[in-house]
Amino acid sequence: MDSLTALLDGFATALQPIYLLYALVGVVLGTVVGVLPGIGPAMAVALLLPVTFTLEPTAALIMFAGIYYGGMYGGSTTSILLNTPGESSTVMTAIEGNKMAKRGRGPQALATAAVGSFVAGTIATALLVFAAPAVVALAVNLGANDYFAIMVFAFLAVTSVLGASVIRGLAALLLGLTIGLVGIDPITGQPRLTFGLLELADGIDIVLVAVGLFALGEALWIAAHLRRAPVQVIPAGRPWMSREDWSRSWRPWLRGAGLGFPFGAMPAGGAEIPTFLSYVTERRLARNRGEFGHGAIEGVAGPEAANNASAAGTLVPLLALGLPTSAIAAVMLAAFQTYGMEPGPQLFSSEPKLVWGLIASLFIGNAMLLLLNLPLAPLWARLLCIPRPYLYAGILFFSVLGAYSVNATVVDLLVLLAVGVLGYLMRRFGLPVVPAILGVILGPMAERQLRTALEITNGDPVGLVNSPVAVGVYALIGLLLLWNLLGRRLLSRR
Amino acid sequence: MSTATPVRDTPTRSGPPAARNIDHAELGLAALLLGVGALVVYDASRLSTTLVQTGPVGPKAVPYTVGGMLMVTAVLLAVDVLRGGHGESEAGEDVDLEHGVDWPRLGLLVLLFLGASLAIPYAGFPLSGTALFWGATVVLGGRRWLWDPVIAAGVSFGSYLVFTHSLGIALPAGVLQGVL
C-alpha cells in the first residue's frame with residue numbers, strides 16, 4: 001500500500017501545470033525524434049543534456065522520460081510507413097507493419113501500434129510501481145561486492161547478447177571503459193590517461209561522450225552513406241480499427257507487455273530481444289498463420305506492446321539500482337549524475353518527490369501520447385519527408401551547440417570530434433554503441449565498488465565473494481559465459 | 001535510431017580462409033585496439049603507487065586489466081577477421097550501404113566542424129553556427145540558394161538568443177558583441 005500512497009503523492013507533483021508542460025514538451029519532442037530518420041531518443045536526450053543543466057531536476061527528468069516514451073511511439077510510425085527499419089527496437093514492427101501499409105491497412109497498423117503502446121505502457125508502468133520498491137527493499141542490503149558483481153554481469157550481458165559478434169561487443173565495452181578511465185583517480189589523486197593535459201584532469205565530460213557517440217558519430221556515418229534515391233513514404237490516413245482488428249489485437253498487446261517488462265529490466269539492452277520474442281510468439285499462436293509475412297496485425301500489435309513495456313522495465317534497475325540496461329537509460333543516468341544524484345535504493349528515500357513524480361508522469365505521458373498519436377498521425381508522417389540536408393546539418397549544429405555550452409571551451413569541441421570519429425568507426429566496423437556508453441558510465445562506478453569491497457577485507461579477494469548475492473550473480477555470469485562458449489557453437493552447427 | 005545494433009547474424013567461421021574476402025580495414029581496427037591497449041598499460045605503469053596509495057587496490061589495477069583485455073581482444077579480433085568473420089556495418093533509414101563511402105563529403109564536414117569550432121571564440125557563436133549549418137546543408141546536397149542561408153541564420157541566431165536570454169547559458173557573441 002505504501003507504493004500506492006507514494007504514487008498518489010507523485011501524481012500530486014506530476015499534475016502541477018509546470019510539470020504537465022514539461023511532460024507534454026517531452027512526449028512531443030520524443031514523437032518527433034522517434035519519427036525523424038537518423039535520430040532516436042538516446043540522441044535527443046544526449047543533445048538536451050546541456051540545455052537542462054539550468055532546469056530543475058524533476059522537470060528535466062520528466063521531460064526525458066517523455067522523450068523516451070514518445071520515441072517508442074514515433075519509431076513505430078517510421079517503421080510502418082517507410083520500408084527500412086531504422087531503430088533496432090522497431091525492426092520486428094516493420095516486418096508486418098510495412099506489409100499492412102502497402103496493402104492499404106496503414107491506418108489499422110498505426111492504430112494497433114498506438115493503442116497497444118498505450119495499453120502495454122500503462123500495464124508496465126503499473127508493474128514498475130510495485131517492482132521498483134521491491135527491488136529497493138532487496139537492494140538496501142547490498143554491499144560494494146554485490147554491486148561490483150552486478151555491474152560485471154551487466155557488462156558481460158550487454159556485450160554478449162547485443163550484436164552479432166561477442167568480440168566486437170567486448171571491444172566496444174573496453175573502449176568505453178578506457179574513456180571512463182581518463183582523468184584524476186578519485187581515490188589517490190593520480191592523473192590517468194590525461195597526457196599532462198589539464199583539460200582532461202576532470203575526465204571526459206559525459207555530455208561529450210554521449211553527443212559524440214550518438215549524435216556526431218551517427219550524423220557522420222549517415223552523411224558518408226546518404227541514400228541517393230528519395231525514400232518512399234506510404235501515405236496513411238487517420239488511424240482506426242474495426243471490431244475484428246480489436247479482437248485480434250488485444251491478446252498480443254497483453255502478451256507483449258508480459259514479455260517486454262521483464263526483459264527491459266534485465267541488462268540485455270532494452271527492446272531488441274522482447275520484440276523479437278513477441279513476434280515469434282504471435283506468429284506461432286496466430287489463427288491465420290498464412291497471413292504472417294503479408295501484413296498480419298498481430299505481428300504489429302505484439303512487438304509494439306513489448307517495445308513500450310520494455311521501456312518501463314528499463315526504469316526498474318535504473319531507479320532502484322542505478323544500473324542502466326539500455327542506451328537511453330545510460331544517458332538518463334548521466335543526467336542524474338550531473339544533478340549530483342546517484343540513482344539507487346537511497347534515491348527513493350532521499351528524493352521521493354522526484355522519483356514518484358517521474359513515475360506518475362509516465363502514466364500521464366502515455367495518455368498524452370495516445371491522444372497525440374491517434375488523431376495527429378498523418379501530421380507526424382509528414383516529418384518523414386523533411387529535406388535530409390537540413391536534418392543532418394541540424395544534428396551537426398546542435399552537437400556543437402550542446403558540447404560548447406558545457407564549458408565554453410574549444411578543446412571540448414575537439415574532444416567531441418574525436419569521440420564522433422570513434423562513433424563513426426564503431427558503426428563502420430559493427431561495434432555496438434550500447435556496451436561502450438555503459439562502459440563509460442558504469443566503469444568508474446564499478447572500479448569504486450571493487451576498491452571499496454577489497455578495502456573492507458584488506459585486499460583479500462574473498463571480499464568479492466563473501467556474500468550470497470555476489471556468489472549468485474557470479475554463478476549467473478558463469479552460465480552466461482558457458483552459453484556463449486558452447487551454446488552459440490551448438491546453434492551454428494545445426 | 002542511434003542505438004541500432006547490427007542485424008543479428010552469426011558470422012560463419014567455417015570454410016577455408018583463403019576463399020573469403022578479408023577486410024584489411026578490420027585488421028586496422030585490431031591494430032588500433034592493440035595500440036590503445038598498449039597505451040593504457042604504459043600509462044598505468046607510470047603511475048606511482050607508493051606515494052599516496054590508499055587501500056589494497058591502487059590506481060593501476062583496473063587500467064592494467066582494461067589495457068590487457070584490449071590487447072587480447074585485438075588479437076582475437078584479428079584472428080576472427082583472418083578466419084573470415086566480419087563486422088556488420090550499421091544500417092538505417094537514410095543509409096545506403098551499396099555505394100562506397102562518400103569521402104569528399106565526409107572530409108568537408110569534418111573540416112567545416114573544425115573550422116566553425118575554432119572560429120567560435122573570434123567570430124562568435126551566431127556567425128560560426130550559421131556557417132556550419134549552411135555549409136553542412138550545401139555539402140549534404142542542399143540546393144536552395146536563397147532559403148538555405150536564411151534557415152541556417154535563423155536556427156543559429158535563434159538558438160543563440162534562446163540560450164543566452166532564456167536559458168542563461170553564456171555563448172560568445174564575438175564580432176557581433178554589442179549588436180545582439
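Chain identifiers are assigned alphabetically (A, B, ...) following the order of the sequence lines, protein sequences preceding nucleic acid strands; residue numbering begins at 1 within each chain. Because only heavy atoms are used, hydrogens play no part in the values below, and waters and symmetry mates are left out as well, while side chains stay in.
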ask   = Should B/F157 and A/F397 be marked as a ring pair (Phe, Tyr, Trp, His ring centres under 6.0 Å) after you check the CA-CA gap, both sets of side-chain angles, and the distance that decides it?
value = CA-CA 12 Å; B/F157 280 75; A/F397 171 84; over 10 Å; no

key: Per-residue contact mode, A/T178 against chain B (heavy atom under 4.5 angstrom)   = both

Lys/Arg-Asp/Glu bridge criterion (N-O < 4.0 Å) met for A/D185, B/K60 = no

note = Whatever's closer than 4.5 Å to a heavy atom in chain B on A/P50 counts as backbone

remark   = Interface check, chain B: of A/T194, A/L417, A/L396, A/L216, most non-hydrogen pairs under 4.5 Å belong to A/L417

inquiry  = Between B/S89 (side chain only) and A/R428 (backbone N and O only), is there a donor and an acceptor less than 3.5 Å apart?
reply    = yes

note = With chain B, the option among A/T452, A/L175, A/L425 that has the most non-hydrogen atom pairs under 4.5 Å is A/L175

inquiry  = Shorter than 4.5 Å, heavy atoms on both sides: which option in B/I120, B/V110, B/V162 has the most such pairs with chain A?
reply    = B/I120

request  = Sort B/D148 into side chain, backbone, both or neither according to what part of it lies under 4.5 angstrom from a heavy atom of chain A.
outcome  = both

Heavy-atom side-chain proximity of A/Y390 to B/R144 below 4.5 angstrom = yes

remark   = In this structure, OG1 of B/T137 is separated from CZ of A/R388 (nearest 0.5 Å) by 14.0 Å

request  = Mind checking the OG1-CG spacing from B/T65 to A/L450? Nearest 0.5 Å is all I need.
outcome  = 8.5 Å

task = Taking the side chain as every heavy atom from C-beta outward, state whether B/D80 and A/R168 have any atom pair closer than 4.5 Å.
result = yes

inquiry  = For the interface with chain B, which of A/G439, A/A223, A/A46, A/A403 has the highest count of heavy-atom pairs at distances below 4.5 Å?
reply    = A/A223

ask   = Quick one: what part of A/I437 sits under 4.5 Å from any heavy atom of chain B, side chain, backbone, both or neither?
value = neither

remark   = Interface check, chain A: of B/G142, B/A116, B/S156, B/A74, most non-hydrogen pairs under 4.5 Å belong to B/S156

ask   = Given side chains that start at C-beta, do those of B/L47 and A/T188 come closer than 4.5 Å, heavy atoms only?
value = no

ask   = Given B/V40, which of A/L193, A/L174, A/V182 fulfils the side chain to side chain contact (heavy atoms under 4.5 Å, CB included) condition?
value = A/L193

task = Sort B/F113 into side chain, backbone, both or neither according to what part of it lies under 4.5 angstrom from a heavy atom of chain A.
result = side chain

key: Short side-chain to backbone donor-acceptor contact, A/R192 and B/P63, under 3.5 Å   = no

ask   = Is chain A contacted by the side chain of B/A61, its backbone, both, or neither, given a heavy-atom distance below 4.5 Å?
value = neither

message = Tell me which of these, A/G459, A/G394, A/P186, A/A224, has more heavy-atom pairs under 4.5 Å with chain B than the rest.
response = A/A224

query = Out of curiosity, B/L167 CG to A/L55 CG, how far, rounded to the nearest 0.5 Å?
reply = 7.5 Å

request  = Among the options A/I222, A/T457, A/L384, A/L391, pick out the one with the most heavy-atom pairs lying under 4.5 Å from chain B.
outcome  = A/I222

ask   = What option among B/L112, B/L32, B/V36, B/L39 has the most heavy-atom pairs under 4.5 Å with chain A?
value = B/L39

message = I'd like to check B/L70 versus A/L177 (side-chain heavy atoms, cut-off strictly below 4.5 Å). Are they in contact?
response = no

remark   = Per-residue tally against chain A (heavy atom, under 4.5 Å) across B/A136, B/G129, B/P121, B/S117 peaks at B/S117

message = So for atom CH2, which belongs to B/W103, do other residues, nucleotides or ligands contribute more than 12 heavy atoms lying within a distance under 6.0 Å?
response = no

key: Salt bridge A/R227-B/E98, side-chain N to carboxylate O under 4.0 Å   = no

inquiry  = Can you confirm if the aromatic rings of A/Y404 and B/Y160 lie within a centre distance of less than 6.0 Å?
reply    = no

note = Rounded to the nearest 0.5 angstrom, the CZ-OG1 distance for B/F163 and A/T54 is 8.5 Å

ask   = Would the number of heavy atoms belonging to other residues, nucleotides or ligands and lying under 6.0 Å from OH of B/Y122 be above 12?
value = no

key: Non-hydrogen side-chain atoms of B/D96 and A/L226 separated by less than 4.5 Å   = no

ask   = So do A/Y392 and B/L109 actually touch side chain to side chain, heavy atoms under 4.5 Å?
value = no

message = If I measure from the heavy atoms of chain A, does B/I151 come under 4.5 Å with its side chain, its backbone, both, or neither?
response = side chain

task = Heavy-atom distances under 4.5 Å only: say whether A/L454 touches chain B with side chain, backbone, both or neither.
result = both

request  = Kindly say whether B/E90 contributes a backbone atom to a donor-acceptor pair with the side chain of A/W221 at under 3.5 angstrom?
outcome  = yes

ask   = Going by heavy atoms in the side chains, are B/D102 and A/H225 under 4.5 Å from each other?
value = no

ask   = Between B/F125 and chain A, which part of the residue has a heavy atom less than 4.5 Å away: side chain, backbone, both or neither?
value = side chain

query = Hey, which residues of residues 408-415 of chain A are touching chain B, say heavy atoms under 4.5 Å apart?
reply = A/V410, A/L413, A/L414

Segment of B/L33 engaging chain A (4.5 angstrom heavy-atom cut-off) = side chain

